[in-house]
Engineer: 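I'd like to ask some things about the structure below.
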Number of protein chains: 2
Amino acid sequence: MDTIVKTIHVGFAKPFGCHSCRMNKLCIPLALGSDELDKLDQLNALVQRKNPLQPRDGVFFSGDPFTSIYAVRSGSIKSFCIDTDGREQVTGFYLPGEIFGWDGLANDHYQNTAIALETTSVCEIPYDQLDKLGSAIPSIKKYVMKLISHELNADQRLIALLAGKSAHQKLASLLLSISDRLVVQGLSPRRLWLPMSRGEISNYLGMTVETVSRALSHFQRNNYLHVNKKDIEILDKQALRSLLISSDDTE
Amino acid sequence: MDTIVKTIHVGFAKPFGCHSCRMNKLCIPLALGSDELDKLDQLNALVQRKNPLQPRDGVFFSGDPFTSIYAVRSGSIKSFCIDTDGREQVTGFYLPGEIFGWDGLANDHYQNTAIALETTSVCEIPYDQLDKLGSAIPSIKKYVMKLISHELNADQRLIALLAGKSAHQKLASLLLSISDRLVVQGLSPRRLWLPMSRGEISNYLGMTVETVSRALSHFQRNNYLHVNKKDIEILDKQALRSLLISSDDTE
DNA sequence: CGGACCTTTGAAGACATTCAAGGCCTGTGG
DNA sequence: CCACAGGCCTTGAATGTCTTCAAAGGTCCG
């Protein structure tokens, strides 16, 4: 049987620094037999484009029944949960092509809340239908498993970052991660626009707003970056990278 | 069709403080039609008991091809990965009844290394067979998805802990988590024996050995705990809990 | 223009780390 | 059996990083 490679436009990439775990295509690559191609069209039919979201609009809220996963088409999403003590904890930023919403699978209710950081459009992919389709098409099933598992790996990378790295290292890691993810979108890895506030960055990285601000200033003084509010230009990517591989944090 | 609830002895619980996400049974509960019961026997047949592991023995190593997930029968397992800078990062501790090894799913290779902390026996569950069985029995498939998703939620709880909590809070959280997980095993929630070293605890929680030691001493001085090396007795669980819900960290 | 919010910067302070030393336990070899 | 070496754990003191507190500048939007 001859196989045909077809792609559909549900993007995919990983939140946070997933050099090893991210698939390097924006679309879902599937090797399908001809008998499966019609099934694939069903998958395309699954994907529901939603109305554009305004900044601070929610996609789903903590406690909502789990129905779907979502893919960012344009804009950006942040997901966060409320801690035992009522504190908000940002758990992820999602850029175009990335998928979020898996956290609801465990309890049939979303644990996180997902909101738009800017004007954003997302695709909704109803999980029960995706699941059904996965049963019919093994390659889709396998792909879904990989998507979840990638999220797992991304979380573990974040854990390693939070547990073992300094403020400078954390911030450098986030910037490099975003840079890499822009490349996946076909954009420049040097110029980036941060859709999230300093406060959201600091929360995500387990530090304070002031420390984030100071770290950015520090990087700018050392000509690692050019910072203009949310516009960042990476001037010396190698310097940022070297922060991560050694504990050498010298000026 | 009448359904029969049957359980098999692959334990299950969550690493780390999963009050909300952990199923409160040690076994896999499945509601099955009579036609599915024979399939269930196949699942039982899947589970391969392995020879006991000695302390420091590995179950799998980072880079090994992903073949199976594992359940702890007795003893305990730690999993860790090597960071970009060569630093070891502990990503989880697994007690009897808990399942580990999902991280290999994404890349068909394990990202973490899993080793025994003490004399330990584990069950091996070949993933391809589990997957096949999941295709035949929807309830098993659903359960597998939930297992992975639970791991995801557990990681996110750890992220919140690492990002937002003080040393005392982190340690209290770990102790309470272990206590809760002992209850699942039918053991006392007050007396616990830590299978891991202070160094492994500190690495997991993103702090230094000295800080862990000082925090334990502090808890003992305040009669929250009685500490005797790896033997811990929880004297005032409420005090530990209250550390987590407020930032009140007073003597 | 005014106000709210976000960001930056400074200075003081706190918490955790680092450096250092000693104690305890275990296993090994004399 | 005792001595000794090597881990692991604890404790103290000094240092440092990050936080907290405080204030001012900037931007956006009514």
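All of these numbers come straight from a predicted model, not from anything done at the bench. Every chain is numbered from 1 and lettered A, B, ... according to where its sequence line falls, protein lines coming before strand lines.
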Engineer: Whole-Å distance between C/dT9 P and A/Arg221 CZ?
Structural biologist: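 About 7 Å, once rounded to whole Å.
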Engineer: Quick check: closest heavy atoms across B/Ile159 and A/Ile159, and the distance to 0.1 Å?
Structural biologist: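 Here B/Ile159 and A/Ile159 meet closest at CG1-CG1, 3.7 Å.
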Engineer: Report for the helix from C/dC1-D/dG30 to C/dG30-D/dC1: angle between first-end and last-end helix axes, five pairs each, rounded to 10 degrees.
Structural biologist: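 Both end axes considered, the difference amounts to 30°.
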Engineer: Considering residues at least two apart in sequence or located in another chain, which fulfil the side chain to side chain donor-acceptor pair (under 3.5 Å) criterion with B/Ser213?
Structural biologist: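 B/Ser213: no side chain to side chain donor-acceptor pair (under 3.5 Å) contacts found.
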Engineer: What is the distance, to the nearest angstrom, from the CE atom on A/Met196 to the C1' atom on C/dC6?
Structural biologist: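 Distance check: A/Met196 CE to C/dC6 C1' gives 15 Å.
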Engineer: Return a single string for nucleotides 10-22 of chain C, one symbol per nucleotide in 5' to 3' order, where B is base contact, S is sugar-phosphate-only contact and - is none, cutoff 4.0 angstrom on heavy atoms.
Structural biologist: BB----SBBB---
Engineer: I'd like to check the side chain to side chain contact (heavy atoms under 4.5 Å, CB included) partners of B/Ser68; sequence neighbours left out, ordered by chain and number.
Structural biologist: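 Side chain to side chain contact (heavy atoms under 4.5 Å, CB included) check on B/Ser68 returns B/Tyr70, B/Tyr110, B/Glu124, B/Pro126.
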Engineer: Apply side chain to side chain contact (heavy atoms under 4.5 Å, CB included) to A/Thr113 and list each qualifying residue two or more places apart in sequence or on a separate chain.
Structural biologist: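 If we apply the side chain to side chain contact (heavy atoms under 4.5 Å, CB included) test to A/Thr113, skipping adjacent residues, the hits are A/Phe61, A/Ser62, A/Phe80, A/Ile115.
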Engineer: What residues from residues 225-237 of chain B pass a heavy-atom cutoff of under 4.0 Å to DNA chain C?
Structural biologist: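 Correct list: B/Lys229.
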Engineer: Does B/Gln111 use its side chain to pair, donor to acceptor, with the backbone of B/Gly104 at less than 3.5 Å?
Structural biologist: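 No; judged by distance alone, with no hydrogens or angles, the pair does not exist.
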Engineer: So where does chain B start and stop touching DNA chain D, 5' to 3', when the test is distance under 4.0 Å to a non-hydrogen atom?
Structural biologist: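 Contact boundaries, 5' end first: D/dC9 to D/dA13.
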Engineer: List the steps, then state whether salt bridge (Lys or Arg N to Asp or Glu O under 4.0 Å) holds for A/Asp83 with B/Arg157.
Structural biologist: CA-CA 8 Å; A/Asp83 209 326; B/Arg157 254 184 309 281; over 6 Å; no
Engineer: Going by side chain to side chain donor-acceptor pair (under 3.5 Å), name the residues that satisfy it together with A/Glu118, two or more places apart in sequence or in a different chain.
Structural biologist: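 Only A/Ser76 meet the side chain to side chain donor-acceptor pair (under 3.5 Å) criterion with A/Glu118.
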Engineer: Residues in salt bridge (Lys or Arg N to Asp or Glu O under 4.0 Å) with B/Arg190, at least two apart?
Structural biologist: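 Testing B/Arg190 for salt bridge (Lys or Arg N to Asp or Glu O under 4.0 Å), a comparison that skips the adjacent residues, returns B/Glu233.
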Engineer: Can you list the residues that meet the side chain to side chain donor-acceptor pair (under 3.5 Å) rule with A/Glu88, with sequence neighbours excluded?
Structural biologist: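 So A/Glu88 forms a side chain to side chain donor-acceptor pair (under 3.5 Å) with A/Lys78.
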Engineer: Find the distance A/His218:NE2 to C/dT9:P and express it as a whole number of Å.
Structural biologist: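 It is 13 Å, rounded to the nearest whole Å.
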Engineer: How would you list, by chain and number, every residue that makes a side chain to side chain donor-acceptor pair (under 3.5 Å) with A/Ser197, sequence neighbours excluded?
Structural biologist: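 A/Ser197: side chain to side chain donor-acceptor pair (under 3.5 Å) contacts with A/Glu200.
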Engineer: Applying salt bridge (Lys or Arg N to Asp or Glu O under 4.0 Å), can you list everything that pairs with B/Arg87, at least two apart in sequence or on another chain?
Structural biologist: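 Residues passing salt bridge (Lys or Arg N to Asp or Glu O under 4.0 Å) with B/Arg87: none at all.
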Engineer: Heavy atoms only: give me the nearest B/Trp102-A/Ser149 pair and the separation to one decimal.
Structural biologist: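 Looks like O-OG, 3.5 Å.
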Engineer: Please check: side-chain N/O of A/Gln89 versus main-chain N/O of B/Ala163, any donor-acceptor pairing under 3.5 Å?
Structural biologist: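 No, because the side chain of A/Gln89 does not come within donor-acceptor range (under 3.5 Å) of the backbone of B/Ala163.
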Engineer: At 4.0 Å (heavy atoms only), tell me whether B/Ser197 reaches a base, stays on the sugar-phosphate, or touches nothing.
Structural biologist: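 The residue B/Ser197 makes sugar-phosphate contact but no base contact.
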